[in-house]
Amino acid sequence: MSSSISRQLVLWLAVPLMLLALCGALVHYFNNVAPGVISSDRRLKEAANALMAHVHVTDGRIQLDVHSDTLPRLPSPDSVIYAVRDTQGRLLSGDERVAVAPMSGETSQLIAMTQIEHRNVRSLTTRFDTPGGVILITVADVRSTAEPAARYGFMSTLLWDFVQLDVTLVLVWVGIQVGLRPVKRLREEIAARSPQDLRPIDDSPVPREIAPVVVTLNRLFTTLRSSVQSQQQFIANTAHQLRTPITGLQAQLELLIAESAAAPVKNRLLTLQEGIRQLAHSANQLLTLARADPSVNIATKNQTVPLDSLVGEVVARFFDRALQSNIDLGIDVKPASIVADPALIDDLLSNLIDNALKYTPPGGSVTVSVAKTNGKPVLAVEDSGPGIPEEERHRVRQRFYRLPNSPGHGSGLGLAIVDEIAKLYDANLTIGPGGNGRGTRILVQFP
């Protein structure tokens, strides 16, 4: 999955804003802190040069003449204190509190921070070659300068800049989320639609930036509607073309069987009639399976279907068959309704009852019930037949699959049709044992 637009926008803004904050901090440093540091370093160098001018060698001993009026003036002890040491670190003159900064042999001058009386001060250590040997002059700026305050101001400014950066990014994030609300509403509207809903999306409240997406989606919906209508028309024409000749053939066979002249071949004609009846049944099942396909039914117009009334109508069509097979066909219904295509729910229930009657032996029973469980409509068909083994309950949902040693000459489409219609309406299809562990109970729980 690609990263979110919100995150990308915030990252794209964070980098330049951070660079701007750093640039602002550098400008503040060079305008407020750097001048003080440069001024302090210059004073230290001037003080070190002035001290060097007062150094002279007498009888091989290095001395500091602090009383000469012809030499440069020494720095005031209120501003700069100093210490003159030899290479062994012995104090020759000055304040012993001033420590020498460690220097390598190649370094002649080193600026460092040192601590005097718990104060961090800036110091300069300079190496001088004299006739009496090498000396180290260290000067430290002990004035109460504005450098610490400037540094504190710099750090405060830097911290405040990053606080502003964080607040700005948060505000930008909130602004992006508010700006993307129309996109989220569009996403939620499309996600909430059922597969059957191909109405155009209202583009009036949509921002101009995503209006082309909505226009493209509406164009796609229009194309899908046209395609689905063509498929529905093809299915209707196919059903008509198949049913009409099969019905005529069945009628002619019934008339032929009734003729006395057909008595010698009556058994063959009855076999032929059963085959044609099975052909008609298989054709109807194939058409039902095609209508139950979600890609075809996305344009189906649903309506409120009272399950209790529908069960009564469908069961009435199977009474004669149940009586002929000596099967007790009954109903147990309570008021419940769903929103669906009545023809498809009729097909679902018809295939469940047809399967139950087919596998229930004479003297058995088939019960169709409608109830509500946790507010959800539940349709169930229970029989007292041999039942479906647990390991086969998933396979019987497949198209053209029949249980081994199944009676009759079925096509194996009954439960496949039921499963497809249940999926179309997000219903939960459960296959389990009947009462007392005997037979089969198929339950369809609608959302």
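Note that the coordinates shown come from a computational prediction; the quantities given were computed from them, not determined experimentally.
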Could you report the tightest heavy-atom contact between [X] and [Y], atom names first, then the distance?
{"X": "Val139", "Y": "Tyr82", "value": "CG1-CB, 3.7 Å"}
{"X": "Ile345", "Y": "Leu307", "value": "CG2-CD2, 4.0 Å"}
{"X": "Ala371", "Y": "Ala336", "value": "O-CB, 4.4 Å"}
{"X": "Lys372", "Y": "Pro335", "value": "CE-O, 4.2 Å"}
{"X": "Ile327", "Y": "Pro361", "value": "CG1-O, 3.9 Å"}
{"X": "Thr126", "Y": "Ala48", "value": "OG1-CB, 4.0 Å"}

Answer yes or no: is there a donor N or O on one side and an acceptor on the other, between the side chain of [X] and the main chain of [Y], under 3.5 Å?
{"X": "Asp419", "Y": "Leu415", "value": "no"}
{"X": "Thr440", "Y": "Asp383", "value": "no"}
{"X": "Asp341", "Y": "Ala343", "value": "yes"}

Going through the checks in order, is the side chain to side chain contact (heavy atoms under 4.5 Å, CB included) test met by Leu217 and Ile190? CA-CA 10 Å; Leu217 283 174; Ile190 296 176; 3.6 Å; yes
List for me each residue that meets side-chain contact (heavy atoms from CB on, under 4.5 Å) alongside [X], sequence neighbours excluded, and say none if there are none.
{"X": "Val311", "answer": "Val315, Ile331, Val333, Leu349, Val368, Val370, Leu379"}
{"X": "Ile276", "answer": "Ile246, Leu249, Gln250, Leu253, Leu272"}
{"X": "Pro306", "answer": "Asp308, Ser309"}

Heavy-atom distance under 4.5 Å between the side chains of [X] and [Y], does that happen here?
{"X": "Tyr359", "Y": "Ile388", "value": "no"}
{"X": "Gln445", "Y": "Thr430", "value": "no"}
{"X": "Phe318", "Y": "Leu329", "value": "yes"}
{"X": "Ser369", "Y": "Glu382", "value": "no"}

Rounded to the nearest 0.5 Å, how far apart are [atom1] of [X] and [atom2] of [Y]?
{"X": "Leu429", "Y": "Arg397", "atom1": "CG", "atom2": "CZ", "result": "4.5 Å"}
{"X": "Leu13", "Y": "Leu165", "atom1": "CG", "atom2": "CG", "result": "10.0 Å"}
{"X": "Thr373", "Y": "Lys376", "atom1": "OG1", "atom2": "NZ", "result": "9.5 Å"}
{"X": "Thr216", "Y": "Leu220", "atom1": "OG1", "atom2": "CG", "result": "9.0 Å"}
{"X": "Glu420", "Y": "Leu344", "atom1": "CD", "atom2": "CG", "result": "11.0 Å"}
{"X": "Gln109", "Y": "Leu44", "atom1": "CD", "atom2": "CG", "result": "9.5 Å"}

What residues form a salt bridge (charged side-chain N to carboxylate O under 4.0 Å, His left out) with [X], not counting sequence neighbours?
{"X": "Arg219", "answer": "none"}
{"X": "Asp95", "answer": "Arg97"}
{"X": "Glu254", "answer": "none"}

Go through the structure and list residues passing side-chain hydrogen bond (donor to acceptor under 3.5 Å, both in side chains) with [X], not counting sequence neighbours.
{"X": "Arg438", "result": "none"}
{"X": "Asp346", "result": "Arg317, Ser350"}
{"X": "Asn218", "result": "none"}
{"X": "Asn326", "result": "none"}

In this structure, are over 12 heavy atoms from other groups packed under 6.0 Å from Glu390 atom CD?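 Check fails, neighbour count at 12 or below.
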Can you list every pair that meets side-chain hydrogen bond (donor to acceptor under 3.5 Å, both in side chains) and has a residue in residues 162-186, with sequence neighbours left out?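 Matches after skipping sequence neighbours: Ser6-Gln177, Gln177-Lys184.
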Please, which pairs that meet salt bridge (charged side-chain N to carboxylate O under 4.0 Å, His left out) have at least one residue in residues 8-26, sequence neighbours excluded?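 The answer is none; no pair qualifies.
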